[in-house]
Protein chains: 2
Amino acid sequence: MKLATYNANSVRARLPLLCDWLRRERPDLLLVQETKVRDEAFPVRDFEDQGYQVVSRGQKAYNGVALISRRPCRRILRDLFSEGDTEARFLSASFDDIPVINVYVPQGFQVGSEKFQDKLKFLETLLAHVTDRYRPEKPLIVAGDLNVALEPVDVFDPEGLEGEVGFHAEERAVLRRFMDWGLHDVFRKHHPEGGHFTFWDYRVPNAVKRRMGWRVDYILATEPLSRRCSNAWIDVAARMLPKPSDHTFLVAEFDLGDSG
Amino acid sequence: MKLATYNANSVRARLPLLCDWLRRERPDLLLVQETKVRDEAFPVRDFEDQGYQVVSRGQKAYNGVALISRRPCRRILRDLFSEGDTEARFLSASFDDIPVINVYVPQGFQVGSEKFQDKLKFLETLLAHVTDRYRPEKPLIVAGDLNVALEPVDVFDPEGLEGEVGFHAEERAVLRRFMDWGLHDVFRKHHPEGGHFTFWDYRVPNAVKRRMGWRVDYILATEPLSRRCSNAWIDVAARMLPKPSDHTFLVAEFDLGDSG
DNA sequence: GAGCTCGATG
DNA sequence: CATCGAGCTC
């Protein structure tokens with residue numbers, strides 16, 4: 001099974017790039033974040049034309065997540081919070097009985113701000129959701145834009161960025177607890193060396209060439225799946241195409257035998 | 001000499017279409033209206049790369065006219081009104097001693113409105129400019145988006161549109177006086193039958209296929225040039241391309257012998 | 001329907 | 001740098 005995650009920064013603005021990429025890579029499942037579109041306006045047809053189905057949890061202008069898959073899904077869940085989500089940042093479903101959670105974690109604005117607290121709250125709630133409902137011995141995938149770089153090798157300037165939003169001890173500690181519970185970072189498993197990024201700020205000139213990026217997008221898997229992850233890679237070239245998102249694709253392949 | 005006029009509805013938005021068209025048609029001179037860009041931001045390079053020179057009279061966001069030519073021009077004039085123009089709607093220059101006036105006449109909003117009066121004032125001032133400075137026995141071209149359909153055959157529904165802005169007796173009367181003075185509509189000369197249009201409103205679904213257009217773009221020439229006009233045509237296909245302007249190209253060819 | 005500006009967000 | 005509205009024009 002080939003799974004990818006992509007913060008599109010508008011699924012409509014990224015439609016040509018996305019369609020080209022799907023045509024070439026043909027993943028079984030693509031998790032998209034920052035679709036920035038209401039469900040009624042999601043360009044479903046463009047994906048259906050390529051043999052994909054779309055489940056979307058969107059809102060106007062901001063956030064929005066979607067599951068784009070070749071096979072149907074079950075057990076769709078659109079809300080992380082028991083009160084119902086005010087922002088479209090969470091979407092989970094099962095594909096061939098493998099539960100997949102797609103998240104777009106709040107960026108957090110500034111350390112100490114109310115938005116930063118919301119970010120921590122979101123991560124804590126997601127962690128509780130995972131630990132309450134799943135077991136590390138069973139298959140589970142949690143993936144998307146977590147908006148946190150876990151280790152110093154996951155940012156281009158760990159000293160300079162230490163304590164900044166996205167690389168602050170408090171966020172990293174919460175993310176660490178996902179790992180401690182039993183979620184494995186499948187990209188890290190295949191690339192322990194670091195210096196690989198999935199996001200480069202538009203505002204930094206030539207950020208990709210200058211390797212001024214962050215690794216904030218993840219595919220996390222419990223042990224039975226992580227064990228079967230045969231490959232994981234970041235499509236840096238897709239960040240160099242015309243009209244790119246500020247993120248790029250993270251891909252993982254799982255050897256699931258006949259069942260997947 | 002091959003001359004074309006085109007209301008681009010943003011020269012920047014139309015850059016791919018324009019460049020493709022120039023590569024294919026290679027006119028000696030292209031008159032553009034609604035460039036919608038300040039002179040400093042005009043994409044001059046894209047035209048220079050194809051062997052064209054650009055003279056532009058632009059403003060921010062609205063209006064804007066330009067002369068795009070393979071040969072240099074002389075006697076550039078950027079203002080129609082003696083007080084200096086507040087809107088970028090007029091640009092004239094001489095090419096091989098043939099004076100060419102490029103205009104974007106105000107659309108006029110609604111009959112009876114102040115903008116409609118401005119439109120009539122613009123047309124009257126242009127007529128005075130022409131009759132004061134030129135003679136019908138000498139070469140002169142006046143072309144561009146005149147925003148007036150002269151005759152019933154120049155709109156898709158003459159009965160329904162009678163009296164509407166763009167097809168009102170008062171505007172048509174002023175335009176008629178250009179003809180009476182000695183300017184000839186070179187497209188009409190080759191296509192007396194009517195039913196040919198240069199503009200189709202974006203808001204009318206399938207307007208081109210349904211032939212729901214207007215002929216409001218013109219190439220007018222004095223007798224010594226009109227006599228030599230060997231061909232004139234409207235490139236309807238260019239209105240059917242992806243991301244078209246709401247207008248399309250009007251082209252005329254003149255047999256000028258060695259001198260042009 | 002499709003350009004434009006502007007102020008917002010990241 | 002590149003999204004998004006809103007409000008404007010044609």
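We name chains A, B, ... by the order of the sequence lines, and we start the count at 1 in each one.
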Any salt bridge (Lys or Arg N to Asp or Glu O under 4.0 Å) pairs touching residues 102-122 of chain B, not counting sequence neighbours?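 Checked against salt bridge (Lys or Arg N to Asp or Glu O under 4.0 Å) - neighbours excluded - the pairs reaching residues 102-122 of chain B are B/Lys119-B/Glu171.
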Can you tell me if the side-chain N/O atoms of [X] get under 4.0 Å from OP1 or OP2 in [N]?
X: B/Lys36; N: C/dT5; result: no
X: B/Lys243; N: C/dG3; result: yes
X: A/Ser10; N: D/dC4; result: yes
X: B/Lys60; N: C/dC6; result: yes
X: B/Arg14; N: C/dA2; result: no

In whole angstroms, how far is the [atom2] atom of [N] from the [atom1] atom of [X]?
X: A/Phe199; N: C/dG10; atom1: CZ; atom2: C1'; value: 7 Å
X: A/Met240; N: D/dC1; atom1: CE; atom2: C1'; value: 16 Å
X: A/Glu114; N: C/dT9; atom1: CD; atom2: P; value: 14 Å
X: B/Tyr62; N: C/dG3; atom1: OH; atom2: C1'; value: 10 Å
X: B/Gln33; N: D/dC10; atom1: CD; atom2: P; value: 15 Å
X: B/Gln59; N: C/dT5; atom1: CD; atom2: P; value: 11 Å
X: A/Asn7; N: D/dA2; atom1: CG; atom2: P; value: 15 Å
X: B/Glu87; N: C/dC4; atom1: CD; atom2: P; value: 17 Å

Do A/Gln33 and A/Asn147 have side-chain heavy atoms sitting under 4.5 Å apart?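 The answer is no; the side chains never approach within 4.5 Å.
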Under 4.5 Å between any side-chain heavy atoms of A/Val148 and A/Leu123, yes or no?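 Yes. Closest side-chain heavy atoms under 4.5 Å.
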Testing A/Asp79, A/Asn63, A/Asn102 one by one against A/Arg57 for a side-chain hydrogen bond (donor to acceptor under 3.5 Å, both in side chains), which residue passes?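 Of the listed options, the one satisfying the test is A/Asp79.
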Taking NZ, NE, NH1 and NH2 as the nitrogens, is one of them in A/Arg215 or A/Glu151 under 4.0 Å from a carboxylate oxygen of the other?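 Judged by the 4.0 Å cut-off on N to carboxylate O distance, A/Arg215 and A/Glu151 do not form a salt bridge.
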With the side chain of A/Ala61 defined as its heavy atoms from C-beta on, choose the nearest nucleotide among D/dG5, D/dT3, D/dT9.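 Per side-chain heavy atoms of A/Ala61, the pick is D/dG5.
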Name the closest nucleotide to the B/Tyr202 side chain, picking from C/dC4, C/dA2, D/dC10.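 Comparing C/dC4, C/dA2, D/dC10 against the side chain of B/Tyr202, the answer is C/dA2.
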Mapping B/Asn63 and A/Asn9 to their closest nucleotides on DNA chain D, which lands nearer the 5' end?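 Result of the comparison: A/Asn9.
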